[in-house]
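Below is one structure, written out as structure tokens; the observations come after it.
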Number of protein chains: 2
Amino acid sequence: MTDESVCQCDHIHETEVSNTKKTMLKDDDYIALSTLYKMFADPTRIKLLHALEKSELCVCDLAALLGMTKSAISHQLKALKLSDLVKFRKEGQNVYYSLADDHVKLIIDMGLEHINE
Amino acid sequence: MTDESVCQCDHIHETEVSNTKKTMLKDDDYIALSTLYKMFADPTRIKLLHALEKSELCVCDLAALLGMTKSAISHQLKALKLSDLVKFRKEGQNVYYSLADDHVKLIIDMGLEHINE
DNA sequence: CAAACAGTTGAACAATTATTCAACTATATT
DNA sequence: AATATAGTTGAATAATTGTTCAACTGTTTG
């Protein structure tokens, strides 16, 4: 099956397309990238990340801050944890969450720049 | 209704929470931010953006490059257009798309950095 | 003018996902 | 040991979303 049969096109700019093809990454890389950005693609999660820029907070603090249930927050923190965007430490009954690294702040700031222009 | 009644928590670190609250943005800002990142949160769209880093391409080119139908590509380009991530120019039957500004490349590169560590 | 092609669009369908709810674990307190 | 609280978890539900399909617009060419 040719590319043309998939895209239903006859006249393709072949040199540009083949040049671009060389610069493209593996499919898995794009999936990994989009999976990362999915974490920033939800208001609740981006609030959590932004809140944790300031200081570490426990699940209760975050739930109170966002006005949401502990369960909802815990579910989202789990997703952020799986994407290595937050880390945590346990202390007694509390679990304190914090940002995993500086990229998180940089990515959020980059987005804010785009919004505010 | 108090925050506590929503989050089901009794012992909240009040000073940390109220300090963090001061640094938080308006809800609309978080919605705008997450809406922006939603555009990067899909493999097809991030491929389109990455492809357009190299040179402008028409819908047919992009469809051929990604091995997808013109319709699917057109739908995603519309979303990217609405988020001001791509711009376009018409020439005869063709519509050439290109990146709207440099932020797009920066945001993708930032994500790649996080992946490759 | 008619045929061919590039591109767009809306509806439909399938897949993904955010929150809720209830049940559960684990730690701390009395 | 019993109770209370912090946090997690899995299933269920509702909402969102990506692709397909068919029909459409607009431009070019013979």
Side-chain angles (χ1 to χ4, degrees), chain A residues 3-13 17 27 30-31 34-35 37-49 56-83 86-97, chain B residues 3-13 17 27 30-31 34-35 37-49 56-83 86-97:
Chain A
D3 279 350
E4 285 77 8
S5 70
V6 177
C7 76
Q8 309 159 323
C9 300
D10 291 330
H11 308 308
I12 293 165
H13 301 77
V17 170
D27 259 36
Y30 291 114
I31 291 170
S34 60
T35 302
Y37 283 118
K38 236 170 237 167
M39 292 301 109
F40 296 83
D42 175 78
T44 298
R45 281 193 298 269
I46 213 164
K47 281 184 204 172
L48 290 174
L49 293 172
E56 67 170 14
L57 292 167
C58 69
V59 178
C60 269
D61 295 340
L62 291 164
L65 186 67
L66 304 202
M68 295 176 64
T69 62
K70 287 182 296 177
S71 177
I73 298 297
S74 183
H75 276 297
Q76 298 297 4
L77 286 171
K78 187 182 187 179
L80 294 172
K81 203 164 50 181
L82 284 173
S83 295
V86 299
K87 59 184 197 288
F88 66 96
R89 72 182 174 85
K90 296 186 181 180
E91 185 180 311
Q93 288 175 310
N94 291 308
V95 179
Y96 293 93
Y97 282 86
Chain B
D3 279 348
E4 284 77 8
S5 70
V6 177
C7 76
Q8 312 159 321
C9 300
D10 291 330
H11 307 309
I12 293 165
H13 302 78
V17 171
D27 259 35
Y30 291 114
I31 291 171
S34 60
T35 302
Y37 283 117
K38 235 169 238 169
M39 292 301 110
F40 295 83
D42 175 78
T44 298
R45 282 193 299 269
I46 212 163
K47 281 183 204 172
L48 290 174
L49 294 171
E56 68 171 14
L57 292 167
C58 70
V59 178
C60 270
D61 295 340
L62 290 164
L65 187 66
L66 303 202
M68 295 176 65
T69 64
K70 288 183 295 178
S71 177
I73 298 298
S74 182
H75 276 298
Q76 298 298 2
L77 286 171
K78 187 181 188 181
L80 294 172
K81 203 163 51 182
L82 284 173
S83 294
V86 300
K87 59 185 196 291
F88 66 96
R89 74 182 173 84
K90 296 186 181 179
E91 186 180 311
Q93 289 175 312
N94 291 308
V95 180
Y96 293 92
Y97 282 86

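Convention: sequence-line order gives letters A, B, ...; per-chain numbering from 1.
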Backbone N/O of [Y] and side chain of [X]: donor-acceptor pair under 3.5 Å:
X	Y	result
A/Thr35	A/Ile31	yes
A/Asp42	A/Thr44	yes
B/Arg45	A/Ser34	no
A/Asp61	B/Ile12	no

**Asked** Between B/Lys78 and C/dT9, is there a side-chain N or O to OP1/OP2 distance below 4.0 Å?
**Response** yes
**Asked** Between C/dG7 and B/Asn94, is there an OP1 or OP2 to side-chain N/O distance shorter than 4.0 Å?
**Response** yes
Euclidean distance, atom [atom1] of residue [X] to atom [atom2] of [N] [Å, nearest integer]:
X	N	atom1	atom2	answer
B/Leu77	C/dT9	CG	C1'	14 Å
A/Tyr96	D/dG7	OH	C1'	13 Å
B/Leu62	C/dT8	CG	C1'	15 Å
A/Lys47	C/dT19	NZ	P	9 Å
A/Leu82	C/dT17	CG	P	13 Å
A/His11	C/dA4	NE2	P	12 Å
A/Met39	C/dT16	CE	C1'	12 Å
A/Lys70	D/dT8	NZ	P	10 Å

**Asked** Which of the following nucleotides, C/dT8, C/dG10, D/dT8, is nearest to the side chain of A/Val59?
**Response** D/dT8
**Fill in**
Hits for side chain to side chain donor-acceptor pair (under 3.5 Å) against B/Glu56, two or more places apart or cross-chain, chain-then-number order -> B/Arg89
**Message:** Can you build the contact string for nucleotides 14-23 of chain D? Use B for base contact, S for sugar-phosphate-only contact, and - for no protein heavy atom under 4.0 Å.
**Reply:** ---SSSBBB-
**Asked** So what does B/Tyr97 hit on the nucleic acid, given a heavy-atom distance under 4.0 Å: a base, only sugar-phosphate, or nothing?
**Response** sugar-phosphate
Please tabulate the protein-to-nucleotide N/O contacts below 3.5 Å involving nucleotides 25-27 of chain D, giving atom names and distances.
| residue | atom | partner | partner atom | Å |
| --- | --- | --- | --- | --- |
| D/dT27 | O2 | B/Gln93 | NE2 | 3.1 |

**Request:** Please tell me if the side chains of A/Lys87 and A/Tyr97 come closer than 4.5 Å, counting only heavy atoms from C-beta onward.
**Result:** no
**Message:** Can you confirm if the NZ or CZ of A/Lys90 lies within 45° of the ring axis of A/Tyr96 and under 6.0 Å from the centre of its six-membered ring?
**Reply:** no
**Prompt:** For the atom pair CD (A/Gln76) and CG (A/Leu66), what is the distance rounded to the nearest 0.5 Å?
**Reply:** 10.0 Å
**Item:** Between OG on residue A/Ser83 and OH on residue A/Tyr37, distance to nearest 0.5 Å
**Value:** 12.5 Å
